[in-house]
Number of protein chains: 2
Amino acid sequence: MTRAPASRALDTTPLWLKLSSYLVLSEEEKMYLADLERTIAREPPRTDLLQQGEKYRDVRIIRDGWAIRHKALPDGRRQVVNFVLPGDIIGMYCTLFESADHSVTTLTAVEVASFPPERIGEMFRSFPRLAAALAWSGAREEAMVAERLLSLGRRTALERTAHLIVELLRRLSVVNMATDGHFVLPVTQEILADALGLSIVHINRTLRRLRDSGLIELNGQRITVNDVRQLASVGQFDELYLHLIRVPKRLERAFAGPRHQNNNKREDDDRAKA
Amino acid sequence: MTRAPASRALDTTPLWLKLSSYLVLSEEEKMYLADLERTIAREPPRTDLLQQGEKYRDVRIIRDGWAIRHKALPDGRRQVVNFVLPGDIIGMYCTLFESADHSVTTLTAVEVASFPPERIGEMFRSFPRLAAALAWSGAREEAMVAERLLSLGRRTALERTAHLIVELLRRLSVVNMATDGHFVLPVTQEILADALGLSIVHINRTLRRLRDSGLIELNGQRITVNDVRQLASVGQFDELYLHLIRVPKRLERAFAGPRHQNNNKREDDDRAKA
DNA sequence: CCGACCGATTAACCTATGTTGTGGCCGCCT
DNA sequence: AGGCGGCCACAACATAGGTTAATCGGTCGG
């Protein structure tokens, strides 16, 4: 992995880390990405970054902290669609819609970068590989939602819970936020319940079962997964849907346009084995 | 709506109809779209167009017939993620992934167009508005999955079922496949059950309740919705998530690149009110 | 230090939905 | 014609998960 010592700080952006797990970015692309993340704001916990029904504003990149994407029924019942972690993007395709059909709310204090949606189009034109990497990230998010749908429709409470924990572990690992099996889960049981389509009480029962069976440990917000293998097996976790495999060759053919000369020779060779 | 009598046949493509509900396409774009749908195949019912774990092939456009997108657990439990209707696209971002995390299976005989994934990139470069319209269609699909997640997590069986029927009615209306409240539902109760996360028996009970309350009628595969309003209210249906509103102005700014000269003057004015 | 509130925990009870099993209809095969 | 398989229908029973309610330990503002 090419790493210019001078620009090292850029390398540690969660989005950069995530995209790097997919393809190797050139210096130029890295710089462009850094520029996208230039305008940074901080928000306290329990802030709405976006509200159901509201018009979309800028595209946001979460740089630090947790948030949830959720939808509510008029009578107050709520479903958490997904967790938004560092390196995740909010409203990537916001230009396409008039208004948001979901809300995004911070769970912790959060650091967010934002940029105007026009830059997405700009990126598709000038940095197609980078745009493809962002599209990958978006498509992956959709795949996670579909997988959660499978959970809610066909997995038992125990399976769902196990599955979610493994998923979070995997996602956090990519951005260096989980070290051998433990991570911080800044989430109340109510939110877990809303994510898994269960009642608070039942989530509590289920977590107790997982603890009693020794698969996980909970100390405050720190969760430790003692045996990922076994937990994954309980949750029927098949990581296919996370699409963590390196970009296939044909990506180049599809997204790198003729007017974008190849400035990634080294990395291309790098990836030949995939 | 501008309609050249000579090219009328092109207008009736379901995908064209769907995209037209979003933005007005130019003649040039219409021709490009027609070209994408040039290679056509027919498949019988119960054919897998795509299998979980398999490598992606071409991008497909359903021109006629129904299919389902579904995921399965190793032990056979199955969740239908979404229904694939005429005008829907399969594997739009397939280049980005190594292999499919879901299957697509036909329910009826089906007519599908297919084209190599490279053309998506080509379209982003040469017909950005059209590409944006396809991206809209994709993002909308994701929104539907999220809404179904809300259903499975937080709606009761009766609500879910009502919601799904209204959703299908709306989607089919866009492609002229539903006329005042009735349409063909080529779907067994088993498939409905798998779509709604219920057992066959319970779907049966639930449909009977809807029939008994006079909200719907079923004759074979023909379903008639007697009172959409009331059914929508039972299902807490809020069509926000279908994003049927015309494209907002700023789409142009974001996606229409400088090198694609505006060849849609008339339609642009057309849309100014939005 | 006090009161108020929030979140976790657990028990007791309840119900929406799952399971099992039977029968009936219809289309298809031979 | 007869038999078979797929699908619908419905009844009887079983249970996963929901609801209600009570307790407890923190923590925060004053």
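Every chain is numbered from 1 and lettered A, B, ... according to where its sequence line falls, protein lines coming before strand lines. Everything numeric here is computed off the predicted structure, so don't read it as measured data.
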query: Are any of B:Arg211's side-chain N or O atoms less than 4.0 Å away from OP1 or OP2 of D:dA9?
result: yes
- prompt: In whole Å, what is the span from the CD1 atom of A:Ile200 to the C1' atom of C:dC6?
  reply: 11 Å
- request: Let me know, please, whether A:Leu158 or B:Arg46 comes out on the 5' side of the other along DNA chain D by nearest nucleotide.
  value: B:Arg46
field: Residues A:Arg171 and A:Asp88 bridged, charged N to O under 4.0 Å
entry: yes
- request: Nearest whole angstrom, please: distance from the P of C:dA8 to the CG of A:Leu192.
  value: 8 Å
- request: May I ask you to evaluate whether B:Gln189 reaches the phosphate of D:dA9, defined as a side-chain N or O under 4.0 Å from OP1 or OP2?
  value: yes
task: Please tell me which of A:Leu218 and A:Arg154 maps to the more 5' nucleotide of DNA chain C, matching each residue to the nucleotide holding its nearest heavy atom.
output: A:Leu218
- prompt: Does B:Asn204 have a side-chain nitrogen or oxygen under 4.0 Å from the phosphate oxygens OP1 or OP2 of D:dC8?
  reply: no
- request: May I have the step-by-step check of salt bridge (charged side-chain N to carboxylate O under 4.0 Å, His left out) for B:Arg155 and B:Glu147, ending in yes or no?
  value: CA-CA 11 Å; B:Arg155 278 189 256 248; B:Glu147 183 72 24; 2.4 Å; yes
statement: From the candidates C:dG7, D:dG18, C:dT19, the one with an atom nearest any side-chain atom of A:Ser199 is D:dG18
- request: Nearest whole angstrom, please: distance from the P of C:dA8 to the CZ of A:Arg209.
  value: 20 Å
- request: Report the distance from atom CZ of A:Arg155 to atom C1' of C:dG18, rounded to the nearest whole Å.
  value: 19 Å
query: Is it true that A:Asp64 and A:Arg42 have a side-chain N and a carboxylate O under 4.0 angstrom from each other?
result: no
query: With respect to the side chain of B:Arg205, which nucleotide from C:dT20, C:dG18, D:dA21 is positioned closest?
result: C:dG18
- prompt: So does B:Arg208 get a side-chain nitrogen or oxygen closer than 4.0 Å to the phosphate oxygens (OP1/OP2) of D:dC10?
  reply: yes
message: By the 4.0 Å heavy-atom rule, please label B:Gly197 as base, sugar-phosphate, or nothing.
response: sugar-phosphate
message: Nearest heavy atom decides the nucleotide; on that basis, is B:Leu207 or A:Thr156 closer to the 5' end of DNA chain D?
response: B:Leu207
query: Any idea which of C:dT19, C:dT17, D:dG17 is nearest the B:Ala157 side chain?
result: C:dT17
query: With distance as the sole test, does A:Asp180 use its side chain to make a donor-acceptor pair with the main-chain N or O of A:His182 at under 3.5 Å?
result: no
- prompt: So which nucleotide from D:dC7, D:dG17, C:dT19 ends up closest to the side chain of A:His202?
  reply: D:dG17
field: Length of the line joining A:Glu159:CD and D:dG17:P, which is rounded to integer Å
entry: 9 Å
- prompt: Between B:Arg69 and B:Glu141, is there a salt bridge with N-O shorter than 4.0 Å?
  reply: yes
query: Roughly, in whole Å, what's the span from CD1 in B:Ile223 to C1' in D:dC8?
result: 15 Å
query: Separation of B:Asp212 atom CG from D:dA9 atom P, in whole Å?
result: 11 Å
message: Can you measure B:Leu198 atom CG to D:dG17 atom P for me and round it to whole angstrom units?
response: 14 Å
